[in-house]
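Below is one structure, written out as structure tokens; the observations come after it.
Each ligand, and each atom within it, is numbered from 1 in the order the structure gives. Values below: every heavy atom of this structure, side chains too, minus hydrogens, waters and symmetry copies. Numbers for residues simply follow the sequence, beginning at 1.
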Amino acid sequence: MKDASANAEGKRAAGLAAAALVENGQWVGLGTGSTAAFAISELGRRVQEEGLQIQCVATSLQSRNLALESGLRVMPLDRVARIDLSIDGADEIDPQLNLIKGGGAAHTIEKLVHSMADRFIVVADPSKLSPRLGDRFAVPVEALPSACAFVIRRLEQLGAAEIKLRHGSGKDGPVITDNGNLVLDARFQIEDPLQLERSIKSIPGVVESGIFAARKPRSGDCLIGEEGGVRQLQSV
Ligand code: 5RP
């Protein structure tokens, strides 16, 4: 589990509420991070105790390992063309339900999996809500290692105020993603999330950004775990 903070109860409530939406026979996409982990563990419990029959795909090594430990069937992503429902956390959520993701550096596969899904459920605690995307979190950009200097220059041209190569803990040097790439965390004042997502994606050498504006949850599909229950966030 990534953290055991005061927000853990909200994360747990949201994760359990999302897991309760899963139905027999479905293909399920499993997100990454501490909130998604609550949903994965709960799905494992439902499989063991309720006989729920599902097949899953994972968005990271971390979620794959947790899913297998929880007793879930995990299929390789390259064998799957569509998913019924996917569940994931977020780092920042704006009032239109645009997201910043990638705190766990898993946003490339997360975006792929959630784009394959008919329904994308986001689970979070209230600390993730923000009046404007980018106010609280830098945009993670996965880039080919050989492209990093060029990508930094292009991100600056797009208006990034500060760009940091993400470093790991428990390892000297930069974070290497599950895809073998680097992550640049770029601070932006974001006026138009969809336009910025497209602009970053068009930079040669960029694999994917953590802006989820083209693929975001539908109104009501963002579950916020709060004191007293789980709120379905409506897009404004
Ligand atoms: C991983 C992600 C996570 O979903 C995001 O960082 C939220 O994590 P947590 O639920 O631990 O707060 O995007 O790449």
So, do L30 and T59 sit near enough that their side-chain heavy atoms are less than 4.5 Å apart? no
Within the 4.0 Å heavy-atom shell around G89, which atoms of ligand 1 are there? 4 (O)
With a cut-off of 4.0 Å, which atoms of ligand 1 are near a heavy atom of G33? 11 (O)
Charged N to carboxylate O under 4.0 angstrom, E92 versus K128? no
Polar proximity ligand 1 side, A106 side, N/O cut 3.5 Å exclusive: yes
Within a strict 4.5 Å, meaning less than it, do heavy atoms of the L52 and N24 side chains meet? yes
G102 to ligand 1, any heavy atom closer than 4.0 Å: yes
Please identify which atoms of ligand 1 are closer than 4.0 Å to at least one heavy atom of T32. 1 (C), 2 (C), 3 (C), 4 (O)
Under the ring-ring contact (aromatic ring centres under 6.0 Å, His included) rule, what pairs show up with a residue in residues 217-236, not counting sequence neighbours? none
Against heavy atoms of D88, which atoms of ligand 1 measure under 4.0 Å? 4 (O)
So which residues get pulled into L68's cluster when ILVMFWY side chains under 4.5 Å apart are joined, directly or through others? V74
Any carboxylate oxygen within less than 4.0 angstrom of a Lys/Arg side-chain nitrogen, looking at D185 and R166? yes
Quick one: are I224 and L129 in side-chain contact, heavy atoms under 4.5 Å? yes
By number and element, which atoms of ligand 1 are closer than 4.0 Å to a non-hydrogen atom of D91? 5 (C), 6 (O), 7 (C), 13 (O)
Is there a donor-acceptor contact under 3.5 Å linking the side chains of Q96 and S235? no
What atoms of ligand 1 come closer than 4.0 angstrom to any heavy atom of K128? 7 (C), 9 (P), 12 (O)
Give the numbers and elements of all ligand 1 atoms closer than 4.0 Å to a heavy atom of A105. 14 (O)
In terms of atom number and element, which parts of ligand 1 are under 4.0 angstrom from non-hydrogen atoms of K11? 9 (P), 11 (O), 12 (O)
Any idea which of S60, S127, G31, S34 brings a heavy atom closest to atom 9 (P) of ligand 1? S34
